[in-house]
Amino acid sequence: MLAKLSSRPAFRRCAFTGVLTLALLGAGLPALATADDRPQADLSRFYRQKVKWAACKTPDAPKDLQCGTVTVPLDYAKPGGGTLDLALARYRATGKSRGSVLLNFGGPGGAGVSELASDGKEFMDLTNGYDVVTFDPRGVGQSSPVSCGEGSDQGSAAIDEDTTESSDPKVVLRQLRKAAATCAKYSGPVLPHIGTVNASRDLDVMRQALGDKKLNYLGFSYGTRLGAVYAAQFPKKVGRLVLDGVDTLTEPLSEQGIAGAEGQQTALEDFLNWCVQDIACPFGTDARSAPDRAVHLVRSLDQDPVQTDFGDAFSGQDLVGAISQALYSKQMWPTLERAIASLVEDGDTRAIMAFSSGGTGLPHLGGGGGVVDAQDVPLDNLPAALMAVNCADDPDRPTAEQITKNLDGLRARYEEASPVFGRYRLTEVLMCYGRPRGTDYIRDDVKNVGSPKMLLVGTRGDPATPYRWTVETAQRLGSSAVVLDNKGEGHTGYASSKCVHTKVDDFLLYGSLPASGSSCQPDSTVVP
């Protein structure tokens, strides 16, 4: 489950079902909630609140976009303790509203407020019946954002072949521990309480604060994991729920990483085959040599990074992260080509960094629990939150002995899956080392949910969430799951397929659910 970005629509920038993960060393696990009898007595003050909407403070926010907050417990096991404010945004219904539909754009680590502000027009049809609402989950965007400072770079360095000599395997483990400590330093008290189990409980508080008896929800990529967990925790509160680009609920991070590396390598090769038809392609005009040129560019930047306008080093792994974001939609190919050309020809990182920047601010020491200003969101919030959530959601923790014993074999498997994305994905998998064991709840208990019918959209050519995950997740969720087979390409179907868009809107607006197993044929589009 991985990183990818596409600028049209912007929500694809966040639809990673990522594998990067970090949680605070020694932190406790999130408390699980399986009951469907909210509000509980000790949570009543959170369930009594109502969202107060006002004009968004961000200067470039659309005038008709409203912003608000909702307060949730920092620790659901101790709701009388600290609290967090979560940032929300909405477009009001244009006609008579039947309530709200909540959107999650993916990640984990995708900030909903900024995405809705930049690409809300993709969802304007839904305002025919709903207030269209999104949010920044805990630890994400303006909602107590986590940060790792230089932690991600330290983790990447840990598996570099030059620093993982078999004679001194302790180097790997020392670097991973150092990366975790840096994340703990910058992220603050929210880090031990991050993860999908708690985010789902937050979602139910939001539902009540919005005045909705049932949750109507549209989730993309990682957002499908969040939606599935909600259906398991609160089956009686499920309204019309759509999962697009369906995440796995069972595969360990190591296998997710292999699947993601393979999918992204295929997407890269498709891009290169298109690129070489243009004389301005930075990888040349020979399809046979273009993949090797891509590998060479990544490795040369790892050996000799270029400086950014912020004074930081931009490495080959930074480039891989940016490319992985851009490959999830063919609409982004021309922009990606120009961005890489600027990097190669002029050493200009601005265009390529636009794909991967998750924020605009600098790393800061976390605290408070209040909503932060948009300009203060750390630059690395997206990958830092992605790491934290995925580790909190995954119960597997390889030991030091297992890592040192299997590192060479893992590196070979990932390199075989993708010579470009392999190291990046392996770093993501290893970053959970030394962190608290994640929850068993998702893998063991999110099944046979007993909720009303929900729509699952799987895309055959999805490079991040393989179609088989849609089928497997539908089987786990049980008879409530209805599958729509999108036979197109790209990550998720709502923005790329008119057929999918229509069927999703018909279900959310009118309750018209397609027959399970029905399909959408690819749109006949040409890349500009």
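Without hydrogens or angle criteria, N486 side chain to G458 main chain gives no donor-acceptor distance under 3.5 Å. For R476 (side chain) and V446 (main-chain N/O), a donor-acceptor pair under 3.5 Å exists by modelled atom type. Between the side chain of N381 and the backbone N or O of P378, no donor-acceptor pair lies under 3.5 Å. Distance alone, capped at 3.5 Å, places no donor-acceptor pair between the Y130 side chain and the N216 backbone. Checking side-chain atoms of T94 against main-chain N and O of T127 turns up a donor-acceptor pair under 3.5 Å. T134 contributes a side-chain N or O that, together with a main-chain N or O of L103, makes up a donor-acceptor pair within less than 3.5 Å. Side chain of D212 to main chain of G99: no donor-acceptor pair is present (N/O by atom type, distance under 3.5 Å, no hydrogens or angles). Side-chain atoms of D136 do not come within 3.5 Å of backbone N or O of A87 as any donor-acceptor pair. In this structure a side-chain-to-backbone donor-acceptor pair under 3.5 Å is missing from R460 to K487. A donor-acceptor pair is defined here as one N or O able to donate and one able to accept, closer than 3.5 Å; no such pair exists between the side chain of S496 and the backbone of H491.
Taking all atoms of both residues into account, the shortest heavy-atom contact from P137 to G110 is CD-O, 3.9 Å. The two residues G129 and A93 have their closest heavy-atom pair at C-CB, 4.4 Å. Nearest heavy-atom pair, A464 versus W469, reported as atom, atom and distance to 0.1 Å: O-CZ3, 3.6 Å. The two residues A474 and V483 come nearest to each other via the heavy atoms CB-CG2, 3.5 Å. Contact record, M206 with V70: CG-CG1, 3.7 Å, taken as the closest heavy-atom pair. Closest of all the heavy-atom pairs between R138 and P73 is NH2-O, 2.7 Å.
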> What do the steps show when you test S451 against Y230 for side chain to side chain donor-acceptor pair (under 3.5 Å), and what is the final call?
Replying inline: CA-CA 10 Å; S451 70; Y230 184 90; over 6 Å; no

> Does the side chain to side chain contact (heavy atoms under 4.5 Å, CB included) test come out yes or no for R201 and V72, once each step is laid out?
Replying inline: CA-CA 9 Å; R201 301 188 70 169; V72 297; over 6 Å; no

> Between Y76 and D202, is a side chain to side chain contact (heavy atoms under 4.5 Å, CB included) present by the stated rule, with each step listed?
Replying inline: CA-CA 10 Å; Y76 275 92; D202 294 343; 2.7 Å; yes

> When you look at L477 and L456, which way does the side chain to side chain contact (heavy atoms under 4.5 Å, CB included) test go after all the steps?
Replying inline: CA-CA 10 Å; L477 295 179; L456 279 62; 4.2 Å; yes

>> side chain to side chain contact (heavy atoms under 4.5 Å, CB included), that's the test. Do E337 and W274 meet it? Break it down for me.
In response: CA-CA 10 Å; E337 178 189 13; W274 168 85; 3.4 Å; yes

> Stepwise, does the side chain to side chain donor-acceptor pair (under 3.5 Å) test hold for D380 with S147?
Replying inline: CA-CA 6 Å; D380 74 322; S147 173; 2.7 Å; yes

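Under the side-chain hydrogen bond (donor to acceptor under 3.5 Å, both in side chains) criterion, K498 pairs with no residue, sequence neighbours left out.
A distance of 10.0 Å separates CG in D119 from OG in S114, rounded to the nearest 0.5 Å. Rounding to the nearest 0.5 Å gives a distance of 12.0 Å between CZ of R425 and CG of L253. Atoms CD and CG, on Q256 and N390 in that order, are 7.0 Å from each other to the nearest 0.5 Å. Between atom CG of residue N448 and atom OG of residue S479 there is a gap of 8.0 Å, rounded to the nearest 0.5 Å. To the nearest 0.5 angstrom, E489 atom CD is 10.0 Å from T266 atom OG1. In this structure, CG in L508 is found 8.0 Å from CG in L455, a value given to the nearest 0.5 Å.
At a threshold of 4.5 Å between non-hydrogen side-chain atoms, the residues S200 and L226 count as touching. Residues R240 and V101 fail the side-chain proximity criterion, which asks for heavy atoms closer than 4.5 Å. The shortest side-chain heavy-atom distance between L327 and F421 falls under the 4.5 Å cut-off. Taking 4.5 Å as the limit, every side-chain heavy atom of L210 sits out of range of all side-chain heavy atoms of R90. Residues S143 and L84 form no side-chain contact, since every pair of their non-hydrogen atoms from C-beta on lies 4.5 Å or further apart. Between L102 and F135, the closest side-chain pair of non-hydrogen atoms falls below 4.5 Å. In this structure the side chain of Y467 reaches within 4.5 angstrom of the side chain of D485, judged on heavy atoms. A heavy-atom distance below 4.5 Å is found between the side chains of T83 and F46.
Using modelled atom types and a 3.5 Å distance limit, the side chains of T196 and Y441 yield no donor-acceptor pair.
No option in S519, S497, C520 other than C520 meets the side chain to side chain contact (heavy atoms under 4.5 Å, CB included) test with L484. Partner of S512 under the side chain to side chain contact (heavy atoms under 4.5 Å, CB included) criterion, chosen from D506, D505, T502: D506.
The number of heavy atoms from other shown groups lying within 6.0 Å of CZ (R468) is above 12. Atom NZ of K78 is surrounded by 12 or fewer heavy atoms from other residues, nucleotides or ligands within 6.0 Å.
Contact check on K237 versus D204 returns no salt bridge, with no Lys/Arg side-chain nitrogen under 4.0 Å from an Asp/Glu carboxylate oxygen.
Annotation: F105 is in aromatic contact with F123 [ring centroid separation under 6.0 Å].
Each disulfide bond (SG atoms under 2.5 Å apart) pair with one or both residues in residues 75-121, not counting sequence neighbours, would appear here, but there are none.
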